[in-house]
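None of the values given here were measured: they were computed from a predicted structure.
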Amino acid sequence: MNAHWPVELVEGEVGLRPIRQRDHASWREINQRNRAWLRPWEATVPPAPPGHHQPRRPTFRQNVRHLRAEAHAGRMMPFVVTYQGRMVGQLTVAGITWGSLCAAHIGYWVDSAVAGRGVIPTAVAVVTDHCFLTVGLHRLEICIRPENGPSRRVVEKLGYREEGLRPRYLHIDGGWRDHIVYTLNSEDVPEGLLPGWRARGAAGGAAAVDAPGVGNHAENKTDIR
């Protein structure tokens, strides 16, 4: 059992809640409408080794079952991102590891229809505070392709620091792609990210950044059916 799951998080018009099977229709509509917007940042399945069958992405139903099992085991927090009460994307805290590491990584994608409204920066700030102040993690990573300028600006505005390059780190958009690692430790923000983000948002900062997606590991993507 996972004492910190399920959970719903809210900040203004932005919400985070567990993904569910009945999200399928909304998920499918958003992904089909945003194919060109999301494709450059999507996880893809690398070619199978010689003599092996090429694996397929799971269906939405299969993926949700897997995400829920991982969440209840304490290894993941698979959220739907909502804006004004409707689904607009996903944000997944994955690879949760305890012991001497106490770390996880964050991946997300968002509907182009709400880009520029500060949805993803707000969602990342909310989930960062939840991971540090409630769950008790020490380190979070967000891995971004060097070409993804909008997403890099999102995490930099939030205070995540660039730590280095991971060459050919993830299979994205049909090939192994380099990623820049952005990190934050709990002692960097002892009072959380939200107080500072609220102040910048009130001054117009929230509307200045948003991005299609980053760190889109396979747990965020399924066959569009």
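Ion pair R68/E70 not flagged as a salt bridge, since none of the NZ, NE, NH1 or NH2 atoms sits closer than 4.0 Å to an Asp/Glu carboxylate oxygen. Salt-bridge formation is not detected for the pair E187/R139: no Lys NZ or Arg NE/NH1/NH2 atom is positioned less than 4.0 Å from an Asp or Glu carboxylate oxygen. Between R198 and E11 a salt bridge is recorded (basic side-chain N to carboxylate O distance below 4.0 Å). In summary, R117 and D111 do not engage in a salt bridge, as defined by a charged side-chain N under 4.0 Å from a carboxylate O.
Contact check for I106 versus E141: no side-chain heavy atoms found under the 4.5 Å cut-off. Within the 4.5 Å cutoff, the side chain of V110 has no heavy atoms near those of the Y83 side chain. The closest side-chain heavy-atom distance from E42 to D173 is not below 4.5 Å. Contact check for V7 versus F79: side-chain heavy atoms found under the 4.5 Å cut-off. When side chains are defined from C-beta on, N148 does not count as touching P146, because their heavy atoms never get closer than 4.5 Å. Contact of the I30 side chain with the M87 side chain is registered, since non-hydrogen atoms from C-beta on lie closer than 4.5 Å.
In this structure, the side chain of Q54 engages the main chain of P46 through a donor-acceptor pair within 3.5 Å. Without hydrogens or angle criteria, T97 side chain to G95 main chain gives a donor-acceptor distance under 3.5 Å. A donor-acceptor contact shorter than 3.5 Å links the side chain of D188 to the backbone of N185. Side chain of D23 to main chain of R20: a donor-acceptor pair is present (N/O by atom type, distance under 3.5 Å, no hydrogens or angles). Between the Q32 side chain and the E29 main chain, no donor and acceptor come within less than 3.5 Å of each other. The backbone N or O of A73 lies less than 3.5 Å from no partner atom in the side chain of N2, so there is not a single donor-acceptor pair. The backbone N or O of R145 lies less than 3.5 Å from no partner atom in the side chain of D178, so there is not a single donor-acceptor pair. Under the 3.5 Å distance criterion, the side-chain polar atoms of N34 are left unmatched by any main-chain donor or acceptor of W37. Judged by distance alone, with hydrogens and angles left aside, the side-chain atoms of Q21 form a donor-acceptor pair with the main-chain N or O of R61 at under 3.5 Å. Looking only at distances, no side-chain donor or acceptor of R168 sits under 3.5 Å from a matching main-chain atom of W176.
By the rule that hydrophobic residues join a cluster once side-chain heavy atoms approach within less than 4.5 Å of another member, L140 and V181 end up as members of separate clusters. A continuous path of hydrophobic side-chain contacts links W98 to W5 [ILVMFWY only; heavy atoms under 4.5 Å]. No path of Ile, Leu, Val, Met, Phe, Trp and Tyr side chains, each step under 4.5 Å between heavy atoms, connects I19 with V10, placing them in separate hydrophobic clusters.
The shortest non-hydrogen separation linking R17 to T82 is NE-CG2, 4.1 Å.
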Open item on the list: Assess the residue pair V64 and R22 against the criterion (side chain to side chain contact (heavy atoms under 4.5 Å, CB included)); give the C-alpha distance rounded to whole Å, side-chain angles, the decisive distance to 0.1 Å, and a yes or no.
Closed with: CA-CA 10 Å; V64 171; R22 59 182 178 272; over 6 Å; no
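For the residue pair W27 / Q90, a side-chain donor-acceptor distance below 3.5 Å is found, with atom types taken as modelled. For the 3.5 Å distance criterion, the side chains of E156 and Y182 qualify, holding a donor opposite an acceptor. Side-chain atoms of T183 and E163 form a donor-acceptor pair, as typed in the model, at a separation below 3.5 Å.
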